[in-house]
Amino acid sequence: SIHHLEYPSSPASMDWSTHFPTFFTPPTAPGEGSPSLKGKKVEFADVGCGFGGLSISLAPLFPETLMLGLEIRVQVTQYVSDKIRALRLNPGSVDPDNAADVEAGVAPEGAEKRPRGIKPALMPSEGYAYGNVSVLRANAMKFLPNFFEKGQLSKIFFLFPDPHFKARKHKARIISPTLLAEYAYVLRPGGLLYTITDVPDLHIWMTSHLASFPLFARLTEEEIDNLGYESGEGVEGVESGELSRERERAVMEAVKRRTEEGKKVERNEGGKEWSVWRRLPDP
Ligand code: SAM
């Protein structure tokens with residue numbers, strides 16, 4: 001088909017330079033991977049990212065962490081890609097919340113210059129340019145280990161996934177025992193898996209499959225609240241407990257309120273149920 005999806009034969013042969021040109025140089029020979037300039041790899045994966053609200057709002061918070069949205073719909077992926085391009089060209093002047101700004105590449109007078117709900121103290125210094133966020137058109141239910149090495153990811157997000165209500169469609173759900181084995185493979189021990197949905201039945205489905213999978217342990221609300229508090233828990237390595245805790249709290253805020261679907265549920269005053277799981281060490 002014209003919308004043929006391409007997969008690298010292994011993570012080492014993936015060309016990331018088109019996604020993150022400030023972090024990778026183009027491959028030197030066909031079929032080879034892109035040399036990494038700063039030794040960084042993608043660490044956050046936003047599965048079924050839709051319009052990209054999560055990754056785009058987290059990018060400035062973790063300027064040294066590479067994050068990638070995975071989206072199967074062609075036009076939606078293109079939209080996110082255009083939005084990131086506009087933000088890269090004009091980082092200070094585009095309000096990522098405002099579609100018109102993004103299209104024009106400029107914000108109107110007085111527009112908010114940072115993602116809402118994120119403290120200015122957490123925003124990076126001048127010169128930040130959204131180089132650490134990208135989007136990839138892919139079927140995340142297939143070939144994830146072709147893109148990511150074992151233990152490469154520190155966070156994987158499943159935010160408001162498609163519910164597939166009918167029983168005969170349940171196999172199309174993005175969380176299943178087989179797929180959990182893949183997610184556990186690409187997520188490092190200690191890494192975190194996030195789910196959120198406004199569909200109670202899907203919440204039960206996801207949490208019961210995760211609970212019966214031996215490599216994931218659910219965090220209590222208190223543990224979620226204290227995430228990042230231990231020094232060194234921050235994704236960027238050792239940093240002050242307070243800062244990494246602040247960031248982890250901003251991540252939860254983004255999970256609940258920064259995606260387009262999350263905002264829609266909020267507008268309709270719908271309920272949301274979330275869960276956070278820690279990837280346990282291999283036995
Ligand atoms: N996470 C976003 C949010 O919270 O706004 C989007 C939620 S939307 C209800 C679900 C998204 O998952 C859709 O954009 C859909 O195209 C995408 N999707 C569904 N199956 C997928 C798959 N196998 N691989 C990648 N994306 C998928």
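In this chain, numbering begins with 1 at the start of the sequence shown.
- F213 is linked by a side-chain contact (heavy atoms from CB on, under 4.5 Å) to L180, A181, A184, L215, F216, counting only residues two or more places apart in sequence or in another chain.
- Under the salt bridge (Lys or Arg N to Asp or Glu O under 4.0 Å) criterion, no residue pair touches residues 8-17, with sequence neighbours excluded.
- Looking at R279, its side chain never comes within 3.5 Å of a backbone N or O of L192 through a donor-acceptor pair.
- Taking hydrophobic clusters as Ile, Leu, Val, Met, Phe, Trp and Tyr residues chained together by side-chain heavy-atom distances below 4.5 Å, L136 shares a cluster with L179.
- Checking side-chain atoms of W16 against main-chain N and O of S36 turns up no donor-acceptor pair under 3.5 Å.
- F143 and L70 end up in the same hydrophobic cluster when Ile, Leu, Val, Met, Phe, Trp and Tyr side chains are linked at under 4.5 Å.
- Heavy-atom minimum distance, L187 versus S154: CD1-C, 3.7 Å.
- Checked by atom type and distance alone, the side chain of R88 pairs as donor or acceptor with a backbone atom of Y130 at under 3.5 Å.
- Under a hydrophobic clustering in which Ile, Leu, Val, Met, Phe, Trp and Tyr are joined whenever their side-chain heavy atoms come within less than 4.5 Å, directly or via other members, Y185 and M141 fall into the same cluster.
- Taking the six-membered ring where the residue is Trp, F62 and F44 present perpendicular rings, their angle passing 60° and hence far from 30°.
- K166 NZ: 12 or fewer foreign heavy atoms inside a 6.0 Å radius.
- No salt bridge links K155 with D46; every basic N to acidic carboxylate O contact stays at or beyond 4.0 Å.
- With R218 contributing its side chain and W277 its backbone, the two residues share no donor-acceptor pair below 3.5 Å.
- With E71 contributing its side chain and F51 its backbone, the two residues share no donor-acceptor pair below 3.5 Å.
- In this structure, R245 does not pair ionically with E248, as no charged nitrogen and carboxylate oxygen lie closer than 4.0 Å.
- Within 6.0 Å of atom NZ in K272, more than 12 heavy atoms from other residues, nucleotides or ligands are found, so the atom counts as buried in its surroundings.
- Of the N and O atoms on the side chains of T65 and E43, not one donor lies less than 3.5 Å from an acceptor on the other residue.
- Minimum heavy-atom separation, S13 to S9: OG-OG, 3.3 Å.
- Salt bridge E223/R278: absent, no basic N to carboxylate O contact under 4.0 Å.
- The side-chain hydrogen bond (donor to acceptor under 3.5 Å, both in side chains) check on W274 picks up E221, with sequence neighbours excluded.
- Classification of R267 and D198 as a salt-bridged pair fails, no side-chain N sitting under 4.0 Å from a carboxylate O.
- Here the straight-line distance linking atom CG of N132 with atom CD1 of I84 works out to 9.5 Å at 0.5 Å rounding.
- By the 30° and 60° cut-offs, the orientation of the rings of F158 relative to Y183 is tilted.
- Classified by interplanar angle (parallel below 30°, tilted 30° to 60°, perpendicular above 60°), the ring pair F23/F20 is perpendicular.
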